[in-house]
2 protein chains.
Amino acid sequence: MKRTSLAGDSCPVARALDVFGDWWSLLIIRDASLGRRRFGEFQASLGLAKNILATRLRTLVERGILKTVPASDGSAYQEYVLTPKGHGIFPILVALRQWTEEFDEHPDEIATVMVDRDKGKPVKKLALLSQDGRVLGAADTTLKPRPAAKRARRLVTA
Amino acid sequence: MKRTSLAGDSCPVARALDVFGDWWSLLIIRDASLGRRRFGEFQASLGLAKNILATRLRTLVERGILKTVPASDGSAYQEYVLTPKGHGIFPILVALRQWTEEFDEHPDEIATVMVDRDKGKPVKKLALLSQDGRVLGAADTTLKPRPAAKRARRLVTA
DNA sequence: TTGTGTGGTTGCAATATTAAACCTGATGCT
DNA sequence: AGCATCAGGTTTAATATTGCAACCACACAA
């Protein structure tokens with residue numbers, strides 16, 4: 001009767017959620033992407049129980065989202081930093097942010113705006129483009145079965 | 001000792017997660033965006049317990065992500081469809097999908113590819129652009145305090 | 001070497017998830 | 001109309017996860 005795992009699911013959305021789709025993981029990742037690195041920083045920032053934080057950090061490391069490195073201040077402690085796989089989550093954070101900016105009932109409670117570092121101006125909305133450069137909305141897309149490509153090997157060996 | 005709510009948080013990422021950041025909601029929304037509408041369809045597709053599905057649907061309706069409409073086949077049952085606020089979640093689903101496509105260890109287990117309906121070709125990666133059209137990565141962005149604008153009213157009345 | 005901060009682990013109470021049984025109104029069949 | 005069945009839930013009870021607080025070990029500072 002465990003919480004059902006989505007790890008084996010064929011839907012890529014479900015597979016992503018299986019990795020960091022729980023209540024806290026994305027917030028930890030957000031904090032990490034803001035430069036937080038230490039256990040105590042995460043705990044203070046998120047206000048979650050220490051045991052929960054400990055297990056989340058452990059599984060995020062196991063799953064290759066975070067890695068531990070020796071503390072940057074020379075002390076014997078360790079720090080948690082994003083791997084490339086973890087940095088790849090950035091667009092998801094942006095998408096979540098932009099959804100709130102557009103649809104939240106109390107946008108005045110949002111504390112920050114994402115700006116480009118160079119000019120300091122707010123970024124544009126994430127754009128989904130076709131290969132020939134058209135902007136696509138949900139209605140302009142469909143899902144197709146994935147081309148078999150590598151899966152063929154299994155059939156060959158069978 | 002309830003599950004801590006993120007509703008009042010000032011971070012837009014947290015606010016979004018508070019609305020649909022639990023284990024099942026995003027998958028229900030994904031299904032809805034694929035055209036599933038009926039309780040039984042969701043249940044069969046997701047394989048979750050019916051009581052959980054019932055409560056999730058109820059809260060998603062309460063929060064303005066889904067709305068109920070009379071069944072499209074003329075029967076007396078109701079169906080669940082996305083509101084505009086719900087359709088706005090589409091980019092988040094795309095971002096999750098693309099993360100898995102890029103970083104999953106077993107990409108061969110992904111069943112589908114998102115293509116543009118016109119040409120049938122895979123869509124490009126979501127792009128974050130500055131106002132002058134440069135492509136931005138995480139490192140090219142910062143967060144700035146939100147311009148006070150409407151918040152001023154509170155200060156005035158104080 | 002005594003004290004304090006960091007980074008956890010452990011135990012327990014509260015809450016959430018799950019599966020399965022049950023219920024109710026709608027639909028279909030004759 | 002009368003009966004069976006289906007869609008869409010609710011209820012119940014077992015199990016799992018969360019949250020809090022107390023505890024612990026090591027690092028570091030005086």
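A note on names: the letters A, B, ... follow the listed sequences, proteins ahead of strands, and every chain is numbered from 1.
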message = Assuming nearest nucleotide by heavy-atom distance, tell me which of B/Y80 and A/I52 is located more 5' along DNA chain D.
response =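 With B/Y80 and A/I52 compared, the 5'-side residue is B/Y80.
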Starting at the 5' end of DNA chain C and moving along, which residue's nearest nucleotide shows up first, A/R58 or A/K2?
->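 Mapping each residue to its closest nucleotide by heavy atoms, the 5'-most match is A/R58.
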Polar atom pairs (N or O), protein with nucleotides 28-30 of chain D, under 3.5 Å:
from   : atom 1 : to    : atom 2 : distance (Å)
D/dC28 : OP1    : A/A76 : N      : 2.5

Check: Listed by chain and number, what are the ring pair (Phe, Tyr, Trp, His ring centres under 6.0 Å) partners of A/F39, not counting sequence neighbours?
Finding: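 Ring pair (Phe, Tyr, Trp, His ring centres under 6.0 Å) check on A/F39 returns nothing, list empty.
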Consider side chain to side chain contact (heavy atoms under 4.5 Å, CB included). Of A/I28, A/I52, A/I65, which one does A/L57 pass it with?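 In the set A/I28, A/I52, A/I65, the residue that makes a side chain to side chain contact (heavy atoms under 4.5 Å, CB included) with A/L57 is A/I28.
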| For DNA chain D, what residues of residues 12-35 of chain A have any heavy atom nearer than 4.0 Å? |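 Contacts with DNA chain D under 4.0 Å: A/W24.
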Interatomic distance where [atom1] belongs to [X] and [atom2] belongs to [N] [whole Å]:
X: B/L53; N: C/dT17; atom1: CG; atom2: C1'; answer: 13 Å
X: B/E79; N: D/dG9; atom1: CD; atom2: C1'; answer: 16 Å
X: A/N51; N: D/dT18; atom1: CG; atom2: P; answer: 9 Å

Of all heavy-atom pairs between B/R117 and A/A139, which one has the smallest distance, and what is that distance?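 Answer, listing the atom of B/R117 first, then A/A139: NE-O, 3.0 Å.
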* Considering only NZ, NE, NH1 and NH2 on the basic side and carboxylate oxygens on the acidic side, decide whether A/D108 and B/R146 come within less than 4.0 Å. =>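 No, A/D108 and B/R146 are not salt-bridged.
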Sidechain N-carboxylate O distance under 4.0 Å for B/E101, B/K125
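Answer for the salt bridge query: no.
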Can you check whether [X] has a side-chain N or O nearer than 4.0 Å to OP1 or OP2 of [N]?
X: A/R3; N: D/dT15; value: no
X: A/T4; N: C/dT18; value: yes
X: A/Q78; N: C/dT6; value: no

Query raised in the report: Hey, can you pull the residues of residues 37-50 of chain A with a non-hydrogen atom under 4.0 angstrom from DNA chain C?
Result: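 Nucleic-acid contacts, sorted: A/R38, A/F39, A/G40, A/K50.
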What residues form a side-chain hydrogen bond (donor to acceptor under 3.5 Å, both in side chains) with B/T83, not counting sequence neighbours?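 Scan of B/T83 (side-chain hydrogen bond (donor to acceptor under 3.5 Å, both in side chains), adjacent residues dropped) gives none.
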Non-neighbouring partners of A/S45 that pass side-chain hydrogen bond (donor to acceptor under 3.5 Å, both in side chains), sequence neighbours left out
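Listed in chain order: A/D31, A/R36.
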(request) Measure the spacing between CG of B/N51 and CZ of B/R56 and express it to the nearest 0.5 Å. (result)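 B/N51 CG to B/R56 CZ: 9.5 Å, rounded to 0.5 Å.
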#### Entry: B/Q98 side chain to B/K124 backbone, donor-acceptor under 3.5 Å
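At least one qualifying donor-acceptor pair exists.
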* Heavy-atom check, side chain of A/R3 versus side chain of B/W23, under 4.5 Å ->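 The answer is yes; the side chains approach within 4.5 Å.
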Note to self: Surrounding CD of A/E105 (heavy atoms of other residues, nucleotides or ligands, distance under 6.0 Å), is the total greater than 12?
What the structure shows: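 Check fails, neighbour count at 12 or below.
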